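Below you'll find the structure, written out as structure tokens, and then a few comments.
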Protein chains: 2
Amino acid sequence: MPSRRADPVTVEVVELIGDVVARYHMEYEEAAARHQLTGAQAKVLNLLSLEPLPMRRIAQKLRCEPSNVTGIIDRLETRGLVERRPDPADRRVKLAAPTEEGVETAERLRESLDFAREPLAGLSEEERTSLRDLLRRMLA
Amino acid sequence: MPSRRADPVTVEVVELIGDVVARYHMEYEEAAARHQLTGAQAKVLNLLSLEPLPMRRIAQKLRCEPSNVTGIIDRLETRGLVERRPDPADRRVKLAAPTEEGVETAERLRESLDFAREPLAGLSEEERTSLRDLLRRMLA
DNA sequence: TATTGTTATACTCTATAACTATA
DNA sequence: TATAGTTATAGAGTATAACAATA
């Protein structure tokens with residue numbers, strides 16, 4: 001991986017990606033805060049709204065230690081947005097699942113995450129498609 | 001701002017951007033950790049390597065409260081990477097500036113931040129240019 | 001023995017409010 | 001009086017290590 005000098009276009013693309021990342025984060029945190037949630041809590045609630053998960057799996061998704069998940073779920077549980085259920089198949093496991101209110105909150109949260117939907121509206125169908133293809137190849 | 005239904009391409013672009021953000025963050029934190037720095041410390045050190053800044057300005061750049069900057073600079077100063085200098089023009093102001101070792105660390109840090117440089121290498125010059133133009137318009 | 005989740009502990013980042021030294 | 005930086009305090013996220021219950 002020799003650190004060859006990057007050409008000017010590449011340098012600018014890297015900077016632009018930095019801008020996108022900064023903006024994405026800012027908007028994500030703001031959207032979460034509108035629902036009195038931290039970024040991490042919003043992320044977990046969103047995960048659980050797709051399907052209930054064992055504590056261990058949440059930690060893997062978040063790429064953090066399982067001990068941290070205990071606290072995040074504790075706080076969501078106190079808020080009445082999530083509950084811990086036993087796993088019939090393995091009594092060691094606790095499944096975190098959103099309550100009805102949790103599901104609704106996750107839904108409203110998703111709706112307020114307008115990032116890249118509004119700005120993308122300025123691009124034509126064809127341009128959005130080529131942006132999609134370029135991002136796909138970048139992440140491949 | 002009516003929440004009209006987004007088309008499939010837009011939805012996928014939003015997801016891809018989420019992936020880019022996640023990957024960017026992971027790589028940034030890892031690069032910082034390789035130098036025994038947190039993400040916030042690396043960000044500040046990088047800022048200061050461009051030019052010394054008053055504490056207040058650092059807080060503005062980080063979009064956080066000035067009181068937080070005190071701690072971050074404290075820790076960088078303890079490590080010998082940054083120093084506080086008086087501002088001749090205003091005795092209330094303290095300028096945070098990188099030490100020689102701080103400048104070197106910032107440089108090595110920048111080199112190890114390969115994100116989007118390596119993956120971008122798989123795109124042609126023309127493709128990188130169109131990616132740049134699309135990102136520019138998205139952020140405009 | 002190994003695994004799941006928790007607790008205990010410590011560190012960093014964060015915001016708020018009160019303080020100091022300048023301006 | 002207003003501003004720059006700090007301190008004090010509290011909450012949240014993070015990692016590490018040790019623990020109880022279950023497999």
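Below, each value reflects all heavy atoms present in this structure, side chains not excepted, and no hydrogens, waters or symmetry copies. Since we're looking at a predicted model, the values are computed, not measured. Letters A, B, ... mirror the listed sequences (proteins, then strands); counts begin at 1.
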Rest of the hydrophobic cluster containing A:V103 (Ile/Leu/Val/Met/Phe/Trp/Tyr, side-chain heavy atoms under 4.5 Å)?
none
Linked hydrophobic residues, A:L48 as query - side chain contacts closer than 4.5 Å:
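A:L37, A:V44, A:L45, A:L47, A:L53, A:M55, A:I58, A:L62, A:V69, A:I72, A:I73, A:L76, A:L81, A:V82, A:L109, listed by chain and number.
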From D:dG5, C:dT4, C:dT6, pick the nucleotide closest to the side chain of A:R56?
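Between D:dG5, C:dT4, C:dT6, the one nearest the side chain of A:R56 would be C:dT4.
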Nearest-angstrom distance from the residue atom [atom1] of [X] to [atom2] of [N]:
X: B:L95; N: D:dT6; atom1: CG; atom2: P; value: 12 Å
X: B:I73; N: D:dA4; atom1: CD1; atom2: P; value: 16 Å
X: A:L76; N: D:dA12; atom1: CG; atom2: P; value: 11 Å
X: A:E77; N: D:dA12; atom1: CD; atom2: P; value: 15 Å
X: A:D74; N: C:dA8; atom1: CG; atom2: C1'; value: 14 Å
X: A:E29; N: D:dA12; atom1: CD; atom2: C1'; value: 11 Å
X: B:L45; N: C:dT12; atom1: CG; atom2: P; value: 16 Å

Partners passing side chain to side chain contact (heavy atoms under 4.5 Å, CB included) against B:E100 (at least two apart in sequence or in another chain)
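For B:E100, the residues satisfying side chain to side chain contact (heavy atoms under 4.5 Å, CB included) (neighbours in sequence not counted) are B:E104.
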List every contact pair, protein side and nucleotides 13-15 of chain D side both N or O, where the distance is under 3.5 Å.
{"from": "D:dG13", "atom 1": "OP1", "to": "A:T38", "atom 2": "OG1", "distance (Å)": "2.6"}
{"from": "D:dG13", "atom 1": "OP2", "to": "A:R75", "atom 2": "NE", "distance (Å)": "2.6"}
{"from": "D:dG13", "atom 1": "OP2", "to": "A:R75", "atom 2": "NH2", "distance (Å)": "2.4"}
{"from": "D:dA15", "atom 1": "OP2", "to": "A:E65", "atom 2": "N", "distance (Å)": "2.8"}
{"from": "D:dA15", "atom 1": "OP2", "to": "A:N68", "atom 2": "ND2", "distance (Å)": "2.7"}
{"from": "D:dA15", "atom 1": "N7", "to": "A:N68", "atom 2": "OD1", "distance (Å)": "2.9"}

With heavy atoms under 4.0 Å as the rule, sort A:R57 into base, sugar-phosphate or nothing.
nothing
Indicate whether any N or O donor in one side chain lies under 3.5 Å from an N or O acceptor in the other, for A:T10 and A:D7.
yes
Heavy atoms, side chains only, cut-off 4.5 Å: are [X] and [Y] in contact?
X: A:R63; Y: A:K61; value: no
X: B:H25; Y: A:H25; value: yes
X: A:K94; Y: A:D87; value: no

Any salt bridge between [X] and [Y], counting N to O under 4.0 Å?
X: A:E125; Y: A:R128; result: yes
X: A:R137; Y: B:E127; result: yes
X: A:E12; Y: B:R136; result: yes
X: B:E83; Y: B:R85; result: yes

End-to-end axis angle, where each axis spans five pairs of the helix from C:dT1-D:dA23 to C:dA23-D:dT1, to 10°
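Computed from the C1' atoms at both ends, the axes differ by 10°.
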Is A:K94 near enough to C:dT6 that one of its side-chain N or O atoms lies under 4.0 angstrom from OP1 or OP2?
yes
For D:dG5, does either OP1 or OP2 sit under 4.0 Å from a side-chain N or O belonging to B:T70?
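Checking B:T70 against D:dG5: no side-chain N or O falls below 4.0 Å of OP1 or OP2.
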Could you go over nucleotides 21-23 of chain C and give all protein N or O partners under 3.5 Å, atom names and distances?
{"from": "C:dA23", "atom 1": "OP1", "to": "B:R91", "atom 2": "N", "distance (Å)": "3.0"}

